[in-house]
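Reviewing the structure listed below.
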Amino acid sequence: MGAEKSLLSIIELGGYPDFAPLYKRFGYTTRVAFSMRKALALLKKQIPDVVVAEFNYQSDFRDRTSSLESLIAVAQQNPQMDLIVFYEHEYAHQFDRLCERYRFFETFQYPVEEERLGAALERLI
């Protein structure tokens, strides 16, 4: 499939299948962070080709809807990095507002189907 590419998987809440075998099948070397804070620290060291993250709506944030906005700020400075985001149906309205301001490579509402995620990774190759 060509040269190996890098992928950062940010799993803050989880509750979905482990997609690491899928990422590997598409030639990605994968790193995992279990908090946005840790992910942002990793991004200071290396910018991956793809980041897979979750939209976790946080109503207690005054000026943001989620920590995903910190990731978006990094992505805007690194246009070669593609973002794939998973989100809950109940927060679709809040996520749609974020989508008005930033264009993600692909978004998936839970439950995330492995075949659809694989198709998105195929398009990135």
Side-chain angles (χ1 to χ4, degrees):
M1 287 199 178
E4 271 204 15
K5 294 185 160 216
S6 59
L7 183 146
L8 174 60
S9 175
I10 306 170
I11 304 171
E12 294 180 282
L13 296 176
Y16 48 87
D18 177 5
F19 292 120
L22 178 69
Y23 303 148
K24 185 174 181 164
R25 192 164 63 232
F26 282 93
Y28 289 96
T29 299
T30 305
R31 297 173 81 185
V32 178
F34 294 100
S35 74
M36 188 59 70
R37 185 180 55 74
K38 289 178 183 174
L40 294 171
L42 288 173
L43 289 170
K44 288 180 181 176
K45 297 174 187 168
Q46 177 193 10
I47 297 297
D49 298 295
V50 179
V51 176
V52 178
E54 304 162 344
F55 173 74
N56 299 318
Y57 178 67
Q58 294 160 299
S59 60
D60 55 330
F61 281 4
R62 219 179 42 236
D63 57 341
R64 302 179 289 155
T65 58
S66 80
S67 59
L68 187 62
E69 289 172 78
S70 300
L71 177 63
I72 291 170
V74 173
Q76 288 175 322
Q77 295 175 359
N78 297 280
Q80 76 279 13
M81 185 174 83
D82 290 301
L83 294 181
I84 295 174
V85 180
F86 303 160
Y87 67 97
E88 294 278 356
H89 172 74
E90 64 208 60
Y91 300 124
H93 180 70
Q94 288 87 354
F95 185 60
D96 287 345
R97 289 196 314 220
L98 190 58
C99 291
E100 290 172 6
R101 298 191 324 253
Y102 183 79
R103 183 175 169 90
F104 300 101
F105 177 77
E106 188 71 73
T107 62
F108 295 94
Q109 185 174 300
Y110 295 116
V112 178
E113 297 175 12
E114 185 171 333
E115 299 79 29
R116 287 191 57 228
L117 180 56
L121 295 172
E122 180 76 34
R123 288 195 316 275
L124 285 170
I125 293 177

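- When the shell of 6.0 Å around CZ of Arg123 is examined, it contains more than 12 heavy atoms from other residues, nucleotides or ligands.
- Across all their heavy atoms, Glu12 and Asn56 have their closest contact at OE1-ND2, 3.1 Å.
- To the nearest 0.5 Å, atoms OH (Tyr102) and CD (Gln76) are separated by 6.5 Å.
- With values rounded to the nearest 0.5 angstrom, Ile84 atom CD1 is found 12.0 Å from Ile10 atom CD1.
- Side-chain contact between Tyr28 and Leu22 is absent, with no heavy atoms from C-beta onward closer than 4.5 Å.
- A donor-acceptor pair under 3.5 Å links the side-chain atoms of Asp49 to the main chain of Ser6, judged by distance alone.
- Considering all non-hydrogen atoms of both residues, Gly118 and Phe26 come closest at O-CZ, 3.3 Å.
- Judged by distance alone, with hydrogens and angles left aside, the side-chain atoms of Glu106 form no donor-acceptor pair with the main-chain N or O of Leu117 at under 3.5 Å.
- Nearest heavy atoms, Glu54 versus Val85: C-CG1, 4.2 Å.
- In this structure, Pro21 and Asp18 approach most closely via the heavy-atom pair CD-O, 3.5 Å.
- Here the side chains of Phe19 and Thr30 are not in contact, with every heavy-atom distance at 4.5 Å or above.
- Here CG of Leu121 is found 7.0 Å from CG of Leu7. Values are rounded to the nearest 0.5 Å.
- Counting only heavy atoms from C-beta outward, the side chains of Val52 and Tyr23 approach each other to under 4.5 Å.
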Could you go through residues 109-116 and list every donor-acceptor pair under 3.5 Å that involves a side-chain atom there, pairing it with any protein atom two or more places apart or in another chain?
{"residue": "Gln109", "atom": "NE2", "partner": "His89", "partner atom": "ND1", "Å": "3.3"}
{"residue": "Glu114", "atom": "OE2", "partner": "Arg25", "partner atom": "NH2", "Å": "3.4"}

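- Distance check, rounded to the nearest 0.5 Å: CZ of Arg37 to CG of Leu42 gives 10.5 Å.
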Test side-chain contact (heavy atoms from CB on, under 4.5 Å) on Leu43 and Met81; report intermediate values, then the result.
CA-CA 11 Å; Leu43 289 170; Met81 185 174 83; 4.2 Å; yes
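- You'll find the side chain of Phe104 reaches within 4.5 Å of the side chain of Phe95, heavy atoms only.
- Two residues are said to be in side-chain contact when any heavy atoms from C-beta on lie closer than 4.5 Å; Val51 and Val74 fail this criterion.
- For the atom pair CD (Glu69) and CZ (Phe55), the distance works out to 7.5 Å, reported to the nearest 0.5 Å.
- With rounding to the nearest 0.5 angstrom, the CG atom of Leu40 is 6.5 Å from the CG atom of Leu71.
- Ring centroids of Tyr16 and Phe108 are separated by 6.0 Å or more, keeping the two rings apart.
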